[in-house]
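The sequence lines fix the lettering, A, B, ..., with proteins before strands; numbering per chain opens at 1. The shown structure was predicted, so the numbers you read here are calculated from the model rather than taken from an experiment.
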Amino acid sequence: MKVLCVAEKPSIAKEVTSVLSGGRSTRRDSRSKYNANFDFKFTFPGHGLCDVTMTSVTGHITSMDFPAEYAWGRVPPGRLLDAPVKIQPDKSKLAIHQNIANEARSANYLMIWTDCDREGEAIGYEILEAAKKGNTRLSLSSVWRPHFSHLEKNHILSAARNPQNLNMKTVEAVHCRQEVDLRVGASFTRLLTDILRRSKLVDEIVSYGTCQFPTLGFVVDRYKRVKNFVPEKFWYISTSVEKSNQTVSFSWAKTHFFDRLFVVMLYEECMKSTHGTIKGVTRKPTSNFKPFPLTTVSLQKDCATYFKMSAKEALDAAEKLYQSGWISYPRTETDMFPPEMDLRSIIQTHTQDSRWGHYATSLMTVDGKYGIPRKGRNNDKSHPPIHPVKYVNLETITNDKQRKVYEYVVRRFLACCSTDAKGFQTVAELQWGNETFRASGLEVTEKNYLDVYTYRTWSSTEQLPPFVAGERVNLKSAEVKEGKTSPPNHMTETELIALMDANGIGTDATIAEHIHKIEQRSYITKKKTGKSHIILPTELGMGLIEAFSSISFANNISLSKPFLRKRLESLLKEIEEGRATKEFSLRETISLYKNAFALTAEEQSVLVNEFKKFQT
DNA sequence: GCAAGGTC
């Protein structure tokens with residue numbers, strides 16, 4: 001009996017081989033440089049000792065496109081919304097196709113070790129199709145699909161012994177997404193480019209993508225809110241009390257009002273009292289929570305905030321560290337560690353470090369220092385949270401960004417295995433006339449995780465003097481003050497990533513690319529202002545979004561807001577759950593875009609005029 | 001020459 005195993009990436013092929021073979025495998029080069037073949041023996045329940053070959057692909061190996069006669073310029077762009085599409089081998093992946101066909105020749109079963117997520121299921125189907133080219137006896141019923149979410153030995157063994165079927169509903173969902181993205185992307189890109197070139201407004205390609213435009217929309221939206229912001233004045237009562245040679249400011253429980261006279265009236269009422277009274281003093285334990293286990297999105301947000309790296313730079317650096325075998329797979333949505341993972345042995349390897357070794361040792365040896373990591377709400381069932389895999393001395397990492405990211409991943413991991421920081425918060429409540437005011441002080445007593453997670457600060461404030469309940473106090477100052485509302489800040493990379501994540505625009509693996517793409521297209525630009533890096537729309541980007549909003553589409557849809565993409569996501573879920581068919585979902589979605597396309601083409605003079613308003 | 005999704 002012969003079984004051909006295929007993993008989504010070379011690293012998984014290697015790891016799974018080492019588990020299943022118990023370290024006894026033979027490596028053969030394949031036609032594809034990075035995708036080696038491994039031969040070994042393994043006992044599958046009900047099939048006895050089998051000859052196994054393990055190989056790999058590198059992600060998707062086919063892509064969807066239009067036939068050559070639908071190339072740019074040969075048909076009106078609108079035709080692409082219902083032109084035929086074909087799935088074909090990626091030109092750059094032909095060696096991989098050949099290798100799989102070759103290795104499948106004598107196989108009785110095909111075992112698909114791709115990631116257990118939506119795209120992984122589709123890649124599995126692509127692998128089956130490639131294998132059939134070399135072995136026509138293979139079909140869906142000869143596919144074994146192990147379900148695994150990490151590479152721990154017993155987990156992999158049990159996945160290998162209990163394979164499921166390939167889930168064709170999931171595959172259909174992916175094909176639906178591919179078709180929508182291709183049809184909509186290609187048709188609108190050609191239309192926009194044609195319109196704007198004809199009007200001599202733009203030379204370059206003006207691309208439209210179901211993820212690109214909502215991303216650009218977020219940036220434009222924020223920019224407009226900042227620009228159109230009008231500050232508003234407000235008034236409040238400000239008081240302070242002197243005690244033990246210390247001046248304590250109290251803030252008004254009602255914060256502020258936009259009506260000056262009203263505040264003055266309340267103030268004058270207070271002024272009838274010559275003194276204030278401390279109504280109560282509370283001292284409560286408080287905590288500063290350690291971070292959740294690390295996901296891709298969180299890594300990118302933090303690298304933007306702490307190191308001013310772009311999402312792409314952070315992911316690229318993490319990818320290199322992963323390829324070196326120093327950190328785990330960097331594309332994950334999971335923020336909970338699998339219960340069987342041996343966290344302590346990872347901590348142990350870091351006790352030798354000159355920077356955090358002492359801290360790691362304390363987690364291992366001091367009672368109460370180690371804390372079970374928090375469990376987040378997300379689990380992609382494919383990859384564990386990002387964590388260090390191998391100890392590396394920081395001095396040996398020559399690339400500046402990689403060094404920062406490695407140190408961050410380690411410190412984040414150690415922080416996850418720590419206890420929360422602890423302290424006490426004291427709140428004093430002051431009554432003056434009919435009004436209440438509060439002052440608070442924080443005393444940090446145990447820094448715990450903050451000792452290793454040095455990116456965050458949480459420190460004691462000046463302590464309150466010893467107020468006691470019922471105490472009469474004289475006000476040192478009491479006056480009505482004026483303030484004004486401040487504008488929202490410009491968009492940062494951190495916030496943009498968070499918005500995309502929350503709105504389902506892109507995936508952990510692609511969010512960085514979408515931002516990069518619209519920067520390449522000159523729709524947005526990044527600017528350094530003082531300490532922070534902000535993202536602004538360009539005239540081109542502004543023009544595009546505003547031009548689209550000048551057209552009112554049927555059903556109130558918007559081509560630059562996240563709702564259509566979200567809708568597609570929920571349709572995909574319905575396909576996966578068998579509540580909708582691929583054909584139905586495609587028809588629904590494409591017909592929405594068809595209407596929008598027709599209207600855009602019809603109203604192109606409106607579009608061009610609106611676009612012009614934003615060009616200098 | 002267009003998309004978004006994998007991954008090197």
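- Nucleic acid contact class of A:Gly59 (heavy atoms, under 4.0 Å, all strands): base.
- A:Gln323 comes within contact range of the sugar-phosphate backbone alone, with a heavy-atom separation under 4.0 Å but no base atom that close.
- In terms of phosphate contacts, A:Arg183 brings no side-chain nitrogen or oxygen within less than 4.0 Å of OP1 or OP2 of B:dA4.
- Remark: the A:Arg521 side chain and the A:Ser207 side chain contain an N/O donor-acceptor pair separated by less than 3.5 Å.
- Classified by interplanar angle (parallel below 30°, tilted 30° to 60°, perpendicular above 60°), the ring pair A:Phe413/A:Phe337 is perpendicular.
- Which of B:dG5, B:dA4, B:dT7 sits closest to the side chain of A:Thr58 comes down to B:dT7.
- One finds a side-chain N or O of A:Arg521 lying less than 4.0 angstrom from the OP1 or OP2 phosphate oxygen of B:dA3.
- Among the protein residues, A:Pro10 comes within range of the sugar-phosphate backbone only, with heavy atoms under 4.0 Å from sugar or phosphate atoms but none that close to a base.
- Among the atoms of the strands shown, none is found under 4.0 Å from any heavy atom of A:Gly73.
- B:dG5 atom P lies 14 Å from atom CG of A:Leu315, rounded to whole Å.
- For the salt bridge (charged side-chain N to carboxylate O under 4.0 Å, His left out) criterion with A:Arg177, the lone passing option out of A:Glu172, A:Glu119, A:Glu576 is A:Glu119.
- Rounded to whole Å, the distance from CD on A:Glu121 to C1' on B:dG5 is 15 Å.
- The CD atom of A:Glu204 sits 11 Å away from the P atom of B:dC2 (whole-angstrom rounding).
- Separating the CZ atom of A:Arg118 from the P atom of B:dT7 is a distance of 15 Å, rounded to the nearest angstrom.
- No donor-acceptor distance shorter than 3.5 angstrom exists from the side chain of A:Thr334 to the backbone of A:Met336, with no hydrogens or angles considered.
- Nearer to the 5' terminus of DNA chain B, by closest-nucleotide assignment, is the contact made by A:Gln178 (compared with the other of A:His60 and A:Gln178).
- Note on A:Ser63: nothing from the nucleic acid sits closer than 4.0 angstrom, heavy atoms only.
- A:Arg177 comes within 4.0 angstrom of a nucleotide base, judged by non-hydrogen atoms across all strands.
- Ranking B:dA4, B:dG5, B:dT7 by closeness to the A:Thr507 side chain, first place goes to B:dG5.
- A donor and an acceptor atom, one from each side chain of A:Asn37 and A:Asn99, are located under 3.5 Å apart.
- Donor-acceptor pairing under 3.5 Å is recorded for the side chains of A:Ser139 and A:Ser141.
- Comparing atom distances between the A:Arg197 side chain and each of B:dG1, B:dC8, B:dA3 picks out B:dG1 as nearest.
- Nucleotide B:dA4 holds its C1' atom 16 Å from the CG atom of A:Leu80, rounded to whole Å.
- Ranked by how close their nearest DNA chain B nucleotide is to the 5' end, A:Ile205 and A:Arg331 are led by A:Ile205.
- Residue-level contact check: A:Asp65 touches the bases, meaning some heavy atom is under 4.0 Å from a base atom.
- Spacing between atom CZ of A:Phe597 and atom C1' of B:dC2 amounts to 12 Å, rounded to whole angstrom units.
- Side-chain proximity of A:Ser207 to B:dG5, B:dC2, B:dC8: nearest is B:dC2.
- When the P atom of B:dG5 is taken as reference, atom CG of A:Asp380 falls 15 Å away, rounded to whole Å.
- Remark: A:Lys9 qualifies as a cation-pi partner of A:Tyr329 under the 6.0 Å distance and 45° angle criteria applied to the six-membered ring.
- At a threshold of 4.0 angstrom between heavy atoms, the contacts of A:Tyr208 are confined to the sugar-phosphate backbone, with no base atom among them.
- Here A:His514 reaches the OP1 or OP2 of B:dG5: one of its side-chain N or O atoms lies under 4.0 Å away.
- Nearest to the side chain of A:Asp115, among B:dC8, B:dC2, B:dT7, sits B:dT7.
- Checking B:dA3, B:dG5, B:dG1 against every side-chain atom of A:Thr189, the shortest atom distance belongs to B:dA3.
- Atom CE in A:Met64 sits roughly 12 Å away from atom C1' in B:dG5 (whole-Å rounding).
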